[in-house]
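The basis for the numbers below is simple: all heavy atoms, side chains too, and nothing from hydrogens, waters or symmetry mates.
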Amino acid sequence: MADHRAARSPASSPARPRATGRLRLPVAALAALTPAWLIILLVYLGTTVWTVQLSLTNSRMLPSSEFAGLAQYQRLFGTARWSISIQNLLTFGVVYVLGALVVGFLLAIAIDRRVRFESMWRTMLLYPYALSFIVTGLMWQWLMNPEIGIQATMRAAGLAWFTFDWTTRSDMAIYAVALAGIWQSAGLVMVLMLAGLRGIDADLWRATRIEGIPMWRTYLSIVLPQLGPSVATAFMLLTMGAVRTFDLVVALTNGGPGQSTEVPAKFIMDSLFARQDLGLATAGATVMLVTVMAVAVPILYARDIWARRQTGRL
């Protein structure tokens, strides 16, 4: 009798793909990815390198190949308007980043309490982030207009003492821009924080309830330290957005009153198109690039170290 456990012939066994030392992409996939790589290399990296190069030349209205060293940067930091824009950016950045983090974290806590119609609330709170900063700026410009906005509405209701005219006051205009930015970005922070909160073990909450730890202390001392990656991601996105802020300022205050809301991005665009000073504009753009990298690189490195420690690779 033939052995029932006789091995099947090689011809009847299913074919198995041979293991290769490296992944080979089909020609069609490489062809499809080629335009994206060309855009990255030529449009993004190429123009970035060209911008840095122009900032080291004697370019004014037209590009120049004459090397000028750091002369454009000396002109830049010797310009009073640039110094004012840096001060405004620091004020705006601190208020905007901290405000968005705090409001977003509080919204995430509220949603995490399993409120009714949670999906509806998440959608409503995240919706402002889907708007462009131009739309946000125009909307808040109308709301803060003393003649037709919130102030006019409240005074028409009998509250003659009510005042909300921040965009017309040089001492409050930058906070008006920050308020509009917080309104738009708090939803993004909420989503990032909520994802972190939903990843916390349920046993931790039960243990804190058994120990009688107050809820606010649980969030500040136990939960918040575990949201390190979410906080770092939100902080990096908000900081990069603050440094690149342009359209929100233009739509809301156009840099005024005076220069009270002037920011570096607006200074660069005005130098490039209104004053036609290519060297000064590229020097400012390079400073912004270095600033963004100084914020992003340490955060990304810290996140990588944290991830390796969590997985035991470090």
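- Hydrophobic clustering of Ile, Leu, Val, Met, Phe, Trp and Tyr side chains at less than 4.5 Å, counting indirect connections, keeps Val231 apart from Val297.
- By the 4.5 Å heavy-atom criterion applied to side chains, Leu131 and Trp183 are counted as neighbours.
- Contact record, Ser55 with Thr286: OG-OG1, 3.6 Å, taken as the closest heavy-atom pair.
- With a 4.5 Å cut-off on side-chain heavy atoms, Val287 and Phe77 count as touching.
- In this structure, Arg60 has no salt bridge (charged side-chain N to carboxylate O under 4.0 Å, His left out) partners at least two apart in sequence or on a different chain.
- Using a 4.5 Å heavy-atom cutoff, the side chains of Leu54 and Leu278 are in contact.
- Within 6.0 Å of atom CE in Met61, 12 or fewer heavy atoms from other residues, nucleotides or ligands are found, so the atom counts as exposed in its surroundings.
- Around CZ of Phe162, the count of heavy atoms belonging to other residues, nucleotides or ligands within 6.0 Å exceeds 12.
- For the atom pair CD1 (Ile174) and OG (Ser260), the distance works out to 7.5 Å, reported to the nearest 0.5 Å.
- In this structure, Thr153 has no side-chain contact (heavy atoms from CB on, under 4.5 Å) partners at least two apart in sequence or on a different chain.
- Contact check for Phe267 versus Leu76: side-chain heavy atoms found under the 4.5 Å cut-off.
- Atom CZ of Arg217 has 12 or fewer neighbouring heavy atoms from other residues, nucleotides or ligands inside a 6.0 Å radius.
- Listed by chain and number, the residues in a salt bridge (charged side-chain N to carboxylate O under 4.0 Å, His left out) with Asp277 are Arg75 (sequence neighbours excluded).
- The environment of Tyr44 atom OH is sparse: at most 12 non-hydrogen atoms of other residues, nucleotides or ligands sit within 6.0 angstrom.
- When the shell of 6.0 Å around OH of Tyr73 is examined, it contains more than 12 heavy atoms from other residues, nucleotides or ligands.
- A distance of 12.5 Å separates CZ of Arg244 from OG1 of Thr291, quoted to the nearest 0.5 Å.
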### Stepwise side-chain contact (heavy atoms from CB on, under 4.5 Å) test for Asn88 and Thr261
CA-CA 6 Å; Asn88 292 335; Thr261 56; 5.6 Å; no
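- Between Arg122 and Val191, the closest side-chain pair of non-hydrogen atoms is not below 4.5 Å.
- A distance of 10.0 Å separates CD1 in Ile268 from CZ in Phe246, rounded to the nearest 0.5 Å.
- Val263 is not connected to Ile134 by any chain of hydrophobic side-chain contacts under 4.5 Å among Ile, Leu, Val, Met, Phe, Trp and Tyr, and they are in different clusters.
- Taking 4.5 Å as the limit, every side-chain heavy atom of Phe164 sits out of range of all side-chain heavy atoms of Met154.
- When all heavy atoms of Thr136 and Gln184 are compared, the pair lying nearest together is OG1-OE1, 2.9 Å.
- Taking each heavy atom of Thr51 and Thr282 in turn, the nearest pair found is O-CB, 3.5 Å.
- Residues Val223 and Leu197 meet the side-chain proximity criterion, which asks for heavy atoms closer than 4.5 Å.
- The ring-ring contact (aromatic ring centres under 6.0 Å, His included) search around Phe92 returns Tyr96, not counting sequence neighbours.
- Between the Thr245 side chain and the Ala242 main chain, a donor and an acceptor come within less than 3.5 Å of each other.
- The line from CD of Gln72 to CG of Leu56 is 9.0 Å long, rounded to the nearest 0.5 Å.
- Between Leu227 and Met193 the shortest side-chain heavy-atom distance falls below 4.5 Å.
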### Task
Before giving the answer on side-chain contact (heavy atoms from CB on, under 4.5 Å), spell out for Arg155 and Leu159 the whole-Å C-alpha distance, their side-chain angles and the decisive distance to 0.1 Å.
CA-CA 5 Å; Arg155 290 188 176 183; Leu159 302 178; 5.8 Å; no
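- In terms of the ring-ring contact (aromatic ring centres under 6.0 Å, His included) criterion, residue partners of Trp205 (sequence neighbours excluded) are, by chain and number, Tyr219.
- In this structure, the side chain of Thr239 does not engage the main chain of Met236 through any donor-acceptor pair within 3.5 Å.
- Atom CG in Leu179 sits 12.5 Å away from atom OH in Tyr175 (nearest 0.5 Å).
- Residues passing the side chain to side chain donor-acceptor pair (under 3.5 Å) test with Ser59, sequence neighbours excluded: Thr57.
- At distances below 3.5 Å, not a single donor-acceptor pair connects side-chain atoms of Asn254 with backbone N or O atoms of Gly256.
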### Query
Should Val103 and Leu107 be marked as a side-chain contact (heavy atoms from CB on, under 4.5 Å) after you check the CA-CA gap, both sets of side-chain angles, and the distance that decides it?
CA-CA 6 Å; Val103 174; Leu107 291 176; 4.0 Å; yes
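- Taking all atoms of both residues into account, the shortest heavy-atom contact from Asn145 to Glu147 is OD1-N, 2.9 Å.
- Hydrophobic clustering, with ILVMFWY side chains joined whenever heavy atoms are under 4.5 angstrom apart, groups Val135 together with Tyr127.
- The two atoms that bring Ala176 and Leu252 nearest to each other are O-CD2, 3.8 Å, heavy atoms only.
- Asn58 places no side-chain N or O within 3.5 Å of a backbone atom of Ala71 that could act as its donor or acceptor partner.
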### Query
Checking side-chain contact (heavy atoms from CB on, under 4.5 Å) for the pair Met144/Ile150: CA distance, chi angles, key distance, verdict?
CA-CA 6 Å; Met144 296 184 186; Ile150 297 176; over 6 Å; no
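- Nearest approach of Ser170 to Pro257, heavy atoms of both residues: N-CG, 4.1 Å.
- Of the inter-residue distances, the one linking Gln259 atom CD with Ile84 atom CD1 reads 4.5 Å to the nearest 0.5 angstrom.
- Note on Val52: it does not cluster hydrophobically with Val292, by side-chain heavy-atom contacts below 4.5 Å among ILVMFWY residues.
- Using a distance-only test at 3.5 Å, with no hydrogens or angles considered, no donor-acceptor pair links the side chain of Asp112 to the main chain of Ala108.
- In the hydrophobic clustering of ILVMFWY residues, with side-chain heavy atoms under 4.5 Å counting as a link, Trp142 and Trp166 come out apart.
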